[in-house]
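Whatever order the structure lists ligands and atoms in, that order sets their numbers, starting from 1. Heavy-atom basis, side chains included; hydrogens, waters and symmetry copies ignored.
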Amino acid sequence: MDNFKHLPEPFRIRVIEPVKRTTIEYREEALKRAGMNPFLLDSEDVFIDLLTDSGTGAVTQDMQAAMLRGDEAYSGSRSYHALCKAVKEIFGYEYTIPTHQGRGAEQVYIPVLIEKCLREKGGDRSKMVAISNYFFDTTQGHTQINQCVARNVYTPNAFNTKVYEDFKGNFDLEKLEQSIQEIGPQHVPYIVLTITCNSAGGQPVSIANMKAAYEIAKKYDIPVVMDSARFAENAYFIQQREKEYADWTIEQITYESYKYADMLAMSAKKDAMVPMGGLLCFKDEKWLEEYNACRTLCVVQEGFPTYGGLEGGAMERLAVGLRDGMRQDWLEYRIAQVRYLVEGLEAIGIYCQQPGGHAAFVDAGRLLPHIPAEQFPAQALSCELYRVAGIRAVEIGSFLLGRDPKTGKQLPCPAELLRLTIPRATYTQTHMDFIIEAFGRVKENVAKIRGLDFTYEPKVLRHFTARLKEI
Ligand SMILES: *Cc1c(COP(=O)(O)O)cnc(C)c1O
């Protein structure tokens, strides 16, 4: 706006959710009760909650108003048609199934695409390998419980926090084609294009890369699924960084991007701004058979296919959220807020992955070199951040990764990161300044932070329920 130094929130806040201020003694007690695992804290005891941006943000007034229009008919509701119309206009896709969230779409499409591959290409189930620029954890989970291996072929510098690249979410295209040949195209049931690439730190994928990956997939007749949680942030990065698209609107870039996939699966809890919701959509009549197979599975898993996992009002709200999430000034502000936080942290010597879409990723390994990976430096940092300032963040490192199921040994992790995830339109610039100040206090005391060890360790998905103690 007119070259001002500040980029204030482009909205007014009209609803207030009070939060509790707590003392350091109170938080030390709460941490003890939670077994040094902030995941187990009560939300009431958290002052700034940066656990996730999934379904935790504010909604717009148009979204709120749209909820009241809900048609709750069991079949063929008006709200379903409103949602289909929005999908058609925004992404150009013909067929829509609403789901309760992203993993609802995954549990439906993944078995259908694997069956299609077995039936049409005569592949061998024990040799199935699906490929992605990087699988989100639930997408990987659904792939694996369908006896298919999940392989990531990401760009070489994706996890190098010391190197800047415009599109760290990109596929390594050479490796993609090599992998297909090595696995055998008849054994690759699908390719998942994740935008933005969450696991690499919310990093974008360029249209050039999508296009090239799609051409490779077509050459070997493999379906491409766009895993679309942060489609609008990805479009914004393309507009800012990929020269050919500098003059395009977010809407035009989004429409163009979806030409390079056959289906989309979406967690609508991210860029589409709803507290709960998801989508599974198919491009055109070429995918009619898969669409119908997914509708059948949807009936038993999510609900009748014209409501899927959602009530009528929630479908109306989602139809509006898809559009509101693409506003230029909104995306500019959101990405700038993440960048502001990262730059503020780096200015006081707290190093991060280059700023991406939805979160700052603090390099905890670098900040706490005295704590070895198997004592979880990022988890220890997470506890200290809560103790000092009531801020809850989430460990993305060895603690999350877990052990090798065969040997029981801790798996080696490429980086020990602490993710500070920014919910949409929920926290202001002052909150960002407070977070940076809190890290300043943590840093003063950094040598005294101790590593952690388990007092209780579940065998799978341990990070959700494990309990720990200081060493
Ligand atoms: C969040 C997310 C999912 C899973 O969606 P849920 O709504 O949490 O079930 C899948 N893929 C990506 C890329 C995501 O960000």
Student: Just which atoms of ligand 1 are under 4.0 Å from any heavy atom in R230?
Tutor: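 The atoms of ligand 1 under 4.0 Å from a heavy atom of R230 are 15 (O).
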Student: Who's closest to atom 13 (C) of ligand 1 heavy-atom-wise, of T139, D227, V274?
Tutor: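 Nearest heavy atom to atom 13 (C) of ligand 1 lies in D227.
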Student: Are the ring centres of F399 and F39 closer than 6.0 Å?
Tutor: no
Student: With sequence neighbours left out, what residues match E233 under salt bridge (Lys or Arg N to Asp or Glu O under 4.0 Å)?
Tutor: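 Here the qualifying residues are R334, R424.
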Student: Starting from atom 5 (O) of ligand 1, locate the nearest protein heavy atom and write down its residue, its atom name and how far away it is, to 0.1 Å.
Tutor: S267 CB, 3.1 Å
Student: Nearest non-hydrogen atom to atom 3 (C) of ligand 1 belongs to which of F135, Y134, F231, F136?
Tutor: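 Checking each option, the heavy atom nearest atom 3 (C) of ligand 1 is found in F136.
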Student: By number and element, which atoms of ligand 1 are closer than 4.0 Å to a non-hydrogen atom of T194?
Tutor: 13 (C)
Student: Check the side chains of Q252 and Y245 for a donor-acceptor pair under 3.5 angstrom, ignoring hydrogens and angles.
Tutor: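 No, Q252 and Y245 have no side-chain donor paired with an acceptor closer than 3.5 Å.
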Student: For ligand 1, which atoms sit closer than 4.0 Å to a heavy atom of G102?
Tutor: 5 (O), 6 (P), 7 (O), 9 (O)
Student: I180 and I191: side-chain contact (heavy atoms from CB on, under 4.5 Å), yes or no, with the steps?
Tutor: CA-CA 10 Å; I180 295 170; I191 290 171; 4.1 Å; yes
Student: Can you see whether F136 has K270 sitting over its ring - NZ or CZ less than 6.0 Å from the centre and within 45° of the normal?
Tutor: yes
Student: With atom 4 (C) of ligand 1 as the reference point, say which of D137, T138, V192 has the nearest heavy atom.
Tutor: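 It is T138 whose heavy atom sits nearest to atom 4 (C) of ligand 1.
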Student: Would you say D49 and Y427 are linked by a side-chain donor-acceptor pair, where the criterion is simply a distance under 3.5 Å?
Tutor: no
Student: What protein heavy atom sits nearest atom 6 (P) of ligand 1, and how far off is it?
Tutor: Q101 NE2, 3.2 Å
Student: Can E165 and Q203 be counted as having a side-chain donor-acceptor contact under 3.5 angstrom?
Tutor: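 The answer is no; no qualifying pair exists.
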Student: Going by the atom numbers of ligand 1, which of them fall below 4.0 Å from some non-hydrogen atom of K269?
Tutor: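 Within the 4.0 Å cut-off of K269, ligand 1 contributes 7 (O).
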Student: For the residue pair S398 and E416, confirm or rule out a side-chain donor-acceptor distance under 3.5 Å.
Tutor: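 Judged by distance alone, the side chains do pair up.
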Student: For ligand 1, does R103 get within less than 4.0 Å through its side chain, its backbone, both, or neither, judged by non-hydrogen atoms?
Tutor: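 R103 to ligand 1: contacts from backbone and side chain alike.
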Student: Which residue and atom name correspond to the protein heavy atom nearest atom 1 (C) of ligand 1, and how close is it?
Tutor: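 Nearest neighbour among protein heavy atoms for atom 1 (C) of ligand 1, to 0.1 Å: K270 NZ, 1.6 Å.
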